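In what follows, every heavy atom counts, from backbone to side chain, and hydrogens, waters and symmetry copies are set aside. Order of listing sets the numbers, starting from 1, for every ligand and every atom in it. Keep in mind the model is a prediction, meaning the values are calculated, not measured.
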Amino acid sequence: MLKAAKIRIYPTTEQAAFLNRQFGSVRFVYNTGLRIMSHRYKRHGQSLNAKHDIKKLLPVAKKSRQYGWLKDADSMALQQSCINLDQAFQRFFDPKQKAGYPRFKSKRGKQSSYHCVGVKVGDGWIKVPKLGPIKAKVHRKVEGRLKSITLTRTVTGKHYASLLFDIEQAAPEPIQSVEGSKVIGLDVGLSHLTIDSNGRKTANPRFLKQAQQNLKRKQQALSRTKKGSANRAKARLLVAKAHERLANARHDFQHKLSRQIVDDNQVVIVETLKVRNMMKNARLAKHIGDASWHALTVKLHYKAKEQGKHLVKIDPWFASSKTCHACQYKVDEMALSIRSWECPTCHTQHDRDINAALNIKHQGIIQLKAEGLSVSAHGGLRKSGMSPAAA
Ligand SMILES: [Zn+2]
């Protein structure tokens, strides 16, 4: 089983300068590979493969006078850059992912390099090839074999290392017989990040909203500056900092929330593709983007896997809000502004979002059973007192 840990690192000035050159080499390989591939296709209708054709060019380039400086970088990092380019093309060609054509990496953006040979981690330091130990803030020791280190530098100049460990222990066997009471359906709402089938609503915490407002202010300030001015450069840095703060705050919050959901349940059921559909609606996009549903499901997924639990993703079930969970009656139309309704046939009172979460749960249980798992009776539906959970 693999386990990841991200830590802050503090390179010296010389080390930071070296890393800057190395990030530059990695970026150069990516951008040059992309340029060659695009050109070949346009001119000769020929599709090159980054993992083979571009990677093969690396030793040639290193021997040349013009690109000899590529030798200074960790060769694994350059090879990985070709693999990353290949993956960007795979995403582009995969109709399910709807990814755009690969884009050039900018030296202004986030930088990264991947290292998997000659990597070490110790008490307060990490080691990558061609550099002495770099000072690091190692929170807790992960038992296992260090497989790789990915170094990154944020737009604001902070350095991080993502460590990947092989903990030489098989992932726990997936739970085969599930207790119905430990199955939870999650829906994404407009006013809440999650609404679950137990009737619990979790709002985005206030600090997240504040971080977003702060970002908005900084972006407005940036738009008022003149292009190319020193003030514009300063304002851009402030925007990048606000972005980072927002991302960090969201990340922390989602980690805590997903930990709690996975610890309390054996199966978590979510609707996945719905977000993409909703994104088409510009007005909703902001809310959904803020809720960053996808990032949460990713965290739920790996946390569940670590414990042999299940994350079930069900296809967008467009009627999840409009179907009565009690009698399955389906309402034809329901405006987004309607927050609660009464079923015309069985007269159950519904909170729009909780009803949807219950339908998602039922749909997920059907899917689980189809996959051969046993789900014990879930003791009916808990009458849900609304309890907006404080973050
Ligand atoms: Zn009904």
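Excluding water, every protein N/O/S atom under 2.8 Å from the Zn ion (ligand 1) is given here by residue and atom: Cys324 SG, Cys327 SG, Cys343 SG, Cys346 SG.
Note: His350 and Trp341 have tilted aromatic rings, judged against thresholds of 30 and 60 degrees for the angle between ring planes. Note: Phe28 and Tyr67 have tilted aromatic rings, judged against thresholds of 30 and 60 degrees for the angle between ring planes.
With respect to Asp332 and Lys322, no salt bridge is recorded, no charged nitrogen being found less than 4.0 Å from a carboxylate O.
The backbone N or O of Lys62 sits less than 3.5 Å from a side-chain atom of Lys71, completing a donor-acceptor pair.
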Donor-acceptor contacts under 3.5 Å from residues 48-56 side chains, at least two apart:
from, atom 1, to, atom 2, distance (Å)
Asn49, OD1, Lys51, N, 2.7
Asn49, OD1, His52, N, 3.2
Asp53, OD2, Asn49, N, 2.6

- Message: Does Asp315 form a side-chain hydrogen bond (donor to acceptor under 3.5 Å, both in side chains) with Gln363? I'd like the steps, not just the answer.
- Response: CA-CA 10 Å; Asp315 278 342; Gln363 192 72 4; over 6 Å; no
